[in-house]
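As structure tokens, the structure follows; a few thoughts come after it.
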Amino acid sequence: MSRLSHLWRNLRHRDRVERDLDDELKATLELLIDEKIAAGADPVEARRRAMIELNRIEPIKEQVRDIRAGILIDTLNQDVKYAVRHMRRAPGFAAAAILTLAFGIGANTAMFTMLNAIVLKRLPIAEADQLLAIVPINSRGTNRTTPMSAVAELRDGPLDHFCAYLGGLVLPVLANNTPLQTSTTFVTSECFSAFGIAPILGRGLTETDAPILGAGAPVAVISHRLWTTTYNSDRSVLGQSMLVNNVPVTIIGVLPKGFIGLEIDTGVDIFTPFDAVLPAARGRRQRASYLLGRLRPGVTIEAATAEIEARWPAVLEAVLPANMAPTERTQLMDSKPRLMSLGTGVSRLRERYSQPLMLILGLTGLLLILACINLGGLLLSRLNARSAELAVRLALGGSRLRIAQQMLVENGMLSLAGALLAMPVAYFTAATLASFMPPINVPYTISFVPDARVFALTTAVAITVGILMSALPVWFATRRSTAAAIRWDRTIVGTTGWWGRGLLVSQVSLAIVMLVNASLLSRSLYLLNTGDLGIRPDNLLTVKTWSLPRGTVYGRADRDGYYPPLVEKVRALPGVTAVALASSSPRLSTTSAGSPVAWKGDAYDNLTANGFDSISPAYFDTMGIQLLAGRDVSWQDTMKTIPVAVVSESLARALQRDGDVVGRSFTMRTLPTDLEFQIVGVVSDATHGDPRNSHTRAIYRPILQVGPASSLNPNIIIQTTDARSAASGVRQILSDFGRDYAQEIISVNDLLARAPSTERMSATVAGAVSAMAVLLALIGVHGALAYSVARRTREIGVRLAIGAAPAAAARSIMREGIVVCTLGVALGLPLATVAARSLRSLMFGISENDPATFAAAAAGFLLLGVVAGLAPARRAAAVDPVIALRAE
Amino acid sequence: MAESRATVLQGTLDLLILKALSAGELHGLGVSRRIEQITRGTFSVQPGSLFPALHRLEEAGALSSSWQPSENNRRAKFYALTKTGRRRLGDETAQWQRVSMAIGHALES
């Protein structure tokens, strides 16, 4: 549009336009003078007279300027004023439209905020996407961790800054005399250059500090966040000592702000060399979670993968210990190395929540479309009401473009208001969603506050919405012939029109898709929450303990003299009926792939055990798990006696068909060395929180036989009728013992309620979104019917006047509502089936084609058709022919 | 009634400017002189109304402008009719003739 380009020029090149005008007027003055001289005046007189003639140069400029900048702004201004006036005249419509948009846009913004935070955000390093890790994947698709000495073998390979990284260990830390719960990561010297960051204070880790082979020096580089929070940004932090896993390490550097390692959920605050604070495993090197680096210049990712793949067997040959079982060696040798970008870091949240988040984003997207359709329909109705006005404007020479512009402005204002209101909606929705994420040892660092990218998206959505919801009405307004539109007001109109009806049907079918899926998800959630867990969670408290920083070193030392008396003391508290210790119980979810197990002497095959808990005696009694055969563990099972284990029924049956396994020994593959156990008992299956894994193949081992590698503090599980006094009692007892403190005390039922968090989140959001969808559909249908009655008042009046029964009028309105809903249901149910199929993985105990759910939703929408029609039908029946016809 | 006369004049002025430029491009003063000439001195357009009108027409796309040397070799801004301008001249001429005819009939009846 040339008018726009003029405006652009005028705003952009203000100076030039101004100068141009100046020049023009000056030139005119000169021309005028020339003219006067040619007519015989002397130059001085000519100039004087010309000046008089042009003496109001400034006012002229002023007028020209107004015209230049003004035209578009003028019309926009008019449009805005006009729109405001219109909204004032129909405040209900404006409010409904703005609210609808606020929820539609707000929900989408919130979802995108979450997606952005969890899935899309890059690590705060340069060219994050080019940070690559070698991930060995074997034929079964599981990735195997590699001994970190593979780094030494592949150092001259295609990856530059090649290094080993073992992240996110939660070790007890005492920094600046403050006990901390934070993550420690082991790195080799090249890691910081692989990340492309350098310490802002002090130095990084040198080859001598953090070698690939051999023990590292007791030094640490800390995160900016730890430096500011714990050391108050004190520059004298360098050279200070802190305790990590009770080993004194010297702080040698502080990393730049924002960098918290690869583990973006919680972040890492302390980077130390391998083997500096955690003893090296006997005879074998530590494993690394990632072997990472960046491509050397000029090397393509394909070439790099090919080279690593070619060298992989030789590398494994060199780093795998000679005494490894042949079958296991074959399995490892079978693995193929793949290069994977670590640009977005590592996130357990992402693994767990991307799918439900995508799903919810889809739902909220549908809601937004529905909102647009709804508003489009409302606008269409309003347009019909205004058709006379528009027709008059067209007849009087108003351009179609001008009318379209005005409607765009009107709808643009609505969507802008909606977008503004959407901000708080988005904020609260994101906060609510974030509260569904279960806390783990270290608080989350991911921020769910909308950022610039999110705002840009919201704005884009708002603009798109404005255009979308204007498109149809504008098309109509400019298409319809003037004559037809003027006549419109005078004719008797039958229905809402096919377009309006089509919009209503699509609204209803979208809403039913959402309702069906939300119902399926909430039914699943209910079944998950009420499913059989194999334990009795009532009256159970779990106390999460954590070492006091100066407590005893982790490991076996003196455990025999610590745990039995601790349990005894707690057992003696009033109201307490049973007490036990367990390393990780009840589990929030069993996500671990499990470790291979086999009868002693046999080769490992596909059998894995996926639960591995260390427990105290009486654990099974406390949890309500039944002992099926053999005996419970006892305090007499210590490091001095033969390692024993109790297995779950599922594991027993997997090892041997008849499940008679007591007394036999099996081995389990772990790092650094395989473990061997004699089975002393078999217990009933328990799920520890997720009814979907009702047959966990679990191994329970006596807590006093746990070696130093398992350094987790156990949870104390208390069966009591008096939770409050037990909580304060156990805190007191722990503090008397002086080693641990209670980090969190929570009832097992509360803990379990947290467990199906993805399902809970999906079900809650889907429920809320579908409720909004149903409400929108109801508003849409009701609005259309009410409008239809208003339009047909004259027709109904005529009919009543010539003897029709009022009930007939009401019936025809009701029929329209029911027809629309029936069509919507007929169209929506097949769509819902398709959508439900994609949600299968989130469902539990219910088929995605559950007939009851579908039938209920269908019935619900037919009822909605009836409900939506009630008030309009009553109004139709109450039309007074006299009044209706008087309007004519 | 000053206001209504102003609007009538404005409409007429646009028409006159378009007509003045229909024979070829002119600078601002030239437009003014040409109007005087073709209306046989009935209308003398003051710069205060001429320049805003020229710019308004240019803004509306009826005129285009360029800097060129004038007849006595001074730099001046010349205006020319665009396609839109030509069409507008035709429309407005027809409109004007209808109106003037109607008014004429009305006055004669």
Side-chain angles (χ1 to χ4, degrees), chain A residues 1-11 16-39 43 46-47 49-75 396-397 399 401-402, chain B residues 6 9-11 13-14 17 25-37 44-85 87-88 91-92 94-95 98-99:
Chain A
M1 209 169 125
S2 74
R3 202 196 264 167
L4 271 179
S5 70
H6 278 299
L7 179 74
W8 176 244
R9 190 195 64 199
N10 295 341
L11 293 178
R16 220 181 60 205
V17 172
E18 199 70 6
R19 218 171 328 121
D20 212 43
L21 180 57
D22 224 36
D23 287 351
E24 183 178 13
L25 291 176
K26 265 191 206 134
T28 306
L29 182 66
E30 295 301 324
L31 286 169
L32 210 52
I33 294 167
D34 285 352
E35 206 179 72
K36 306 255 183 258
I37 293 173
R47 173 163 290 269
R49 277 169 41 200
M51 294 276 271
I52 291 173
E53 217 164 300
L54 257 179
N55 72 346
R56 294 187 350 222
I57 287 188
E58 272 317 311
I60 293 175
K61 282 205 224 164
E62 198 63 47
Q63 283 172 349
V64 173
R65 239 179 261 137
D66 281 355
I67 284 168
R68 282 287 179 189
I71 286 183
L72 193 79
I73 292 187
D74 255 13
T75 60
L396 289 182
S399 85
L401 218 64
R402 187 72 189 70
Chain B
L9 274 179
Q10 191 186 1
L13 180 59
D14 286 0
I17 290 174
E25 33 178 32
L26 291 168
H27 51 68
L29 194 62
V31 173
S32 173
R33 294 290 173 260
R34 174 66 61 85
I35 290 175
E36 274 172 40
Q37 192 190 337
S44 156
V45 189
Q46 294 306 304
S49 30
L50 176 71
F51 285 99
L54 283 172
H55 283 258
R56 189 178 54 245
L57 286 169
E58 189 188 358
E59 203 67 35
L63 301 183
S64 63
S65 69
S66 59
W67 286 90
Q68 287 171 26
S70 72
E71 59 277 10
N72 42 13
N73 252 339
R74 285 188 189 281
R75 237 166 65 84
K77 196 174 177 189
F78 278 77
Y79 292 90
L81 281 188
T82 62
K83 217 179 235 170
T84 319
R87 201 169 53 233
R88 189 156 158 189
D91 290 352
E92 291 204 2
Q95 175 87 6
R98 259 205 317 277
V99 170

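Each chain gets a letter, A, B and so on, in the order its sequence line appears, and its residues count up from 1.
Counting all heavy atoms, side chain and backbone alike, A:A27 lies closest to B:A76 at CB-CA, 4.3 Å. Closest of all the heavy-atom pairs between A:E24 and B:W67 is N-CH2, 3.4 Å.
Of the residues listed (A:D34, A:L29, A:L31), the one engaging B:L29 in a side-chain contact (heavy atoms from CB on, under 4.5 Å) is A:L31, and it is the only one.
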